[in-house]
Engineer: 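Below are the structure tokens for one structure; questions will follow.
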Amino acid sequence: MIICKTPREIEIMRKAGRIVALTHQELQKYIEPGITTKELDHIAETFIRKHDAIPSFKGYNGFRGSICTSVNEELVHGVPGDRVLREGDIISIDIGAKYNGYHGDSAWTYPVGAISEEAKKLLEVTEQSLYRGLEEAKPGARLTNISHAIQTYVEAHNFSVVREYVGHGIGQDLHEDPQIPHYGPPNKGPRLKPGMVLCIEPMVNAGTRYVRTLEDNWTVVTVDGKLCAHFEHTIAITEAGYEILTTL
């Protein structure tokens with residue numbers, strides 16, 4: 001069941017989203033060669049709690065970190081640890097914050113120092129695919145118009161869209177209906193309505209679309225070992241279109 005939020009609930013989620021965006025902004029100060037993913041996790045948790053929120057991912061289904069830190073061929077759910085970032089890496093950081101009972105959720109992929117031209121293109125295309133999808137987020141439109149716009153844009157640039165992990169609704173629960181694939185035909189699925197709050201999060205591989213989960217039962221990596229990227233915003237459907245909630 002898709003839960004439409006009231007204006008009051010969306011105002012709370014706007015605050016949760018802002019905390020997520022501020023946390024991303026804070027972490028960017030520290031993303032450089034030599035820092036560990038565990039150190040980034042500590043900085044994020046301290047910052048989120050300082051803003052009267054709780055890290056959404058901490059303890060979620062047993063997850064140990066406060067944020068997900070996925071490096072290079074790691075797509076999602078990377079567990080913070082002793083891995084040291086190196087010049088030329090890319091790191092996807094997924095942040096969730098629960099404020100006054102409601103969640104905000106956003107992921108971004110960042111360069112670590114100077115990165116390759118291929119990595120730059122991957123980041124640019126993945127980020128732009130997110131916004132191409134958001135252009136289709138309007139009341140009355142079918143959900144998979146978002147999906148189709150993302151896939152079309154990504155594949156036009158010779159990259160691959162991951163199938164196994166999808167976007168989702170969000171609210172008092174971190175993951176709510178509907179599930180939102182980032183691929184598929186247009187004009188399918190439920191019609192979008194004002195009050196729906198959704199996480200749109202294309203995950204894109206430089207090589208084939210296939211992924212696997214490591215033995216830690218969390219970290220998802222590309223099967224071919226090639227780079228991947230992940231960009232996500234939480235949005236609310238409005239009467240006029242959409243509003244990004246995970247922004248400053």
Side-chain angles (χ1 to χ4, degrees), residues 1-27 44-45 47-60 66-68 93-108 127-150 165-182 186-202 230-248:
M1 181 179 70
I2 301 173
I3 303 169
C4 287
K5 276 61 178 185
T6 65
R8 174 188 166 275
E9 289 177 306
I10 289 175
E11 176 57 29
I12 296 171
M13 295 189 74
R14 195 177 284 120
K15 292 175 180 176
R18 178 174 168 78
I19 293 168
V20 170
L22 286 168
T23 308
H24 272 288
Q25 183 182 68
E26 179 69 9
L27 285 180
E45 178 172 5
F47 190 86
I48 291 168
R49 293 188 186 279
K50 189 174 166 182
H51 285 78
D52 299 319
I54 299 168
S56 299
F57 306 154
K58 186 89 168 187
Y60 185 79
S66 294
I67 60 174
C68 298
I93 296 182
D94 196 352
I95 301 173
K98 186 176 185 181
Y99 175 80
N100 202 13
Y102 291 82
H103 295 274
D105 185 6
S106 174
W108 224 251
E127 180 178 0
Q128 284 305 308
S129 77
L130 168 60
Y131 290 110
R132 292 297 178 102
L134 295 187
E135 289 175 5
E136 303 299 326
K138 55 190 95 171
R142 294 284 189 184
L143 181 68
T144 67
N145 290 1
I146 297 172
S147 315
H148 185 70
I150 290 170
Y165 299 92
V166 298
H168 53 91
I170 189 171
Q172 289 183 298
D173 291 326
L174 183 59
H175 295 100
E176 297 182 353
D177 289 336
Q179 291 196 338
I180 308 163
H182 304 109
N187 301 313
K188 303 288 184 182
R191 292 196 183 276
L192 302 178
K193 298 178 182 178
M196 288 183 177
V197 182
L198 310 171
C199 292
I200 313 299
E201 50 178 321
H230 179 202
F231 285 78
E232 173 187 21
H233 269 313
T234 300
I235 65 165
I237 302 300
T238 67
E239 296 289 349
Y242 69 92
E243 176 192 354
I244 295 175
L245 302 182
T246 43
T247 191
L248 299 177

Engineer: Using modelled atom types and a 3.5 Å cut-off, is there a donor and acceptor pairing between side-chain atoms of Lys98 and backbone atoms of Gly96?
Structural biologist: no
Engineer: Can any side-chain N or O of Arg191 pair as donor or acceptor with the backbone N or O of Gly140 at less than 3.5 Å?
Structural biologist: yes
Engineer: Determine, for Arg8 against Glu11, whether the closest basic-nitrogen to carboxylate-oxygen distance falls under 4.0 angstrom.
Structural biologist: no
Engineer: Roughly how far, to the nearest 0.5 Å, is the OG1 atom of Thr23 from the CD1 atom of Ile95?
Structural biologist: 5.5 Å
Engineer: Is the backbone of Pro181 close enough, under 3.5 Å, to the side chain of Ser147 for a donor and an acceptor to pair up by distance?
Structural biologist: yes
Engineer: Can Ile48 and Ile54 be said to form a side-chain contact (heavy atoms from CB on, under 4.5 Å), step by step?
Structural biologist: CA-CA 6 Å; Ile48 291 168; Ile54 299 168; 5.7 Å; no
Engineer: Return the orientation label for the His24 and Trp108 ring planes: parallel under 30°, perpendicular over 60°, tilted otherwise.
Structural biologist: perpendicular
Engineer: For Ala16 and Gly104, work out which heavy atoms get closest and say how close.
Structural biologist: CB-N, 3.8 Å
Engineer: Kindly give the heavy-atom pair with the smallest separation between Leu192 and Leu143, and that separation in Å.
Structural biologist: CD2-CD1, 3.8 Å
Engineer: Side chains of Gln128 and Phe231: does their closest heavy-atom pair fall under 4.5 Å?
Structural biologist: no
Engineer: Just by distance, do the side chain of Ser56 and the backbone of Ala97 share a donor-acceptor pair under 3.5 Å?
Structural biologist: yes
Engineer: Indicate whether any N or O donor in one side chain lies under 3.5 Å from an N or O acceptor in the other, for Glu201 and His230.
Structural biologist: yes
Engineer: Report yes or no: does Thr246 contribute a side-chain atom to a donor-acceptor pair with the main-chain N or O of Thr234 at less than 3.5 Å?
Structural biologist: yes
Engineer: Could you grab the distance from atom CD of Gln25 to atom CG of Leu248, nearest 0.5 Å is fine?
Structural biologist: 5.0 Å
Engineer: Give, for atom SG of Cys4 and atom CE of Met196, the distance between the pair rounded to the nearest 0.5 Å.
Structural biologist: 5.0 Å
Engineer: Any sub-3.5 Å donor-acceptor pair from His51's side-chain atoms to Leu22's backbone N or O?
Structural biologist: no
Engineer: Over all heavy atoms of both residues, which pair between Lys58 and Ser66 is shortest? Give the atoms and the distance, please.
Structural biologist: CD-OG, 3.4 Å
Engineer: How many angstroms lie between CD in Glu176 and NE2 in His103, if you round to the nearest 0.5 Å?
Structural biologist: 8.5 Å
Engineer: Which atom pair, heavy atoms only, marks the closest approach of Tyr99 to Ile19?
Structural biologist: CD1-CD1, 3.8 Å
Engineer: On a heavy-atom basis, which atom in Ile180 and which in Cys199 lie closest, and how many Å separate them?
Structural biologist: CD1-O, 3.8 Å
Engineer: Any chance you could measure His182, atom NE2, to Ile200, atom CD1, to the nearest 0.5 Å?
Structural biologist: 6.0 Å
Engineer: Please check if the side chain of Arg132 supplies one atom and the backbone of Ile150 the other of a donor-acceptor pair under 3.5 Å.
Structural biologist: no
Engineer: Verify the distance criterion only: is there a donor paired with an acceptor across the side chains of Tyr60 and His175 at less than 3.5 Å?
Structural biologist: yes
Engineer: Let me see the working for Asp105 and Phe57 under side-chain contact (heavy atoms from CB on, under 4.5 Å), right down to the final yes or no.
Structural biologist: CA-CA 10 Å; Asp105 185 6; Phe57 306 154; 3.7 Å; yes
Engineer: Quick check: closest heavy atoms across Ser106 and Asp94, and the distance to 0.1 Å?
Structural biologist: O-OD1, 3.4 Å
Engineer: Give the intermediate values and the outcome of side-chain contact (heavy atoms from CB on, under 4.5 Å) for residues Ile67 and Leu27.
Structural biologist: CA-CA 11 Å; Ile67 60 174; Leu27 285 180; 4.0 Å; yes
Engineer: How many angstroms lie between CG in Leu198 and NE2 in His168, if you round to the nearest 0.5 Å?
Structural biologist: 9.5 Å
Engineer: Within the 4.5 Å heavy-atom criterion, are Asp173 and Ile3 side-chain neighbours or not?
Structural biologist: no
Engineer: Check whether any side-chain heavy atom of Glu243 sits under 4.5 Å from a side-chain heavy atom of Arg14, and report yes or no.
Structural biologist: yes
Engineer: Would you say the side chain of Met13 lies within less than 4.5 Å of the side chain of Val197, judging by non-hydrogen atoms?
Structural biologist: yes
Engineer: Side chain of Lys193, backbone of Ile237: donor and acceptor closer than 3.5 Å?
Structural biologist: no
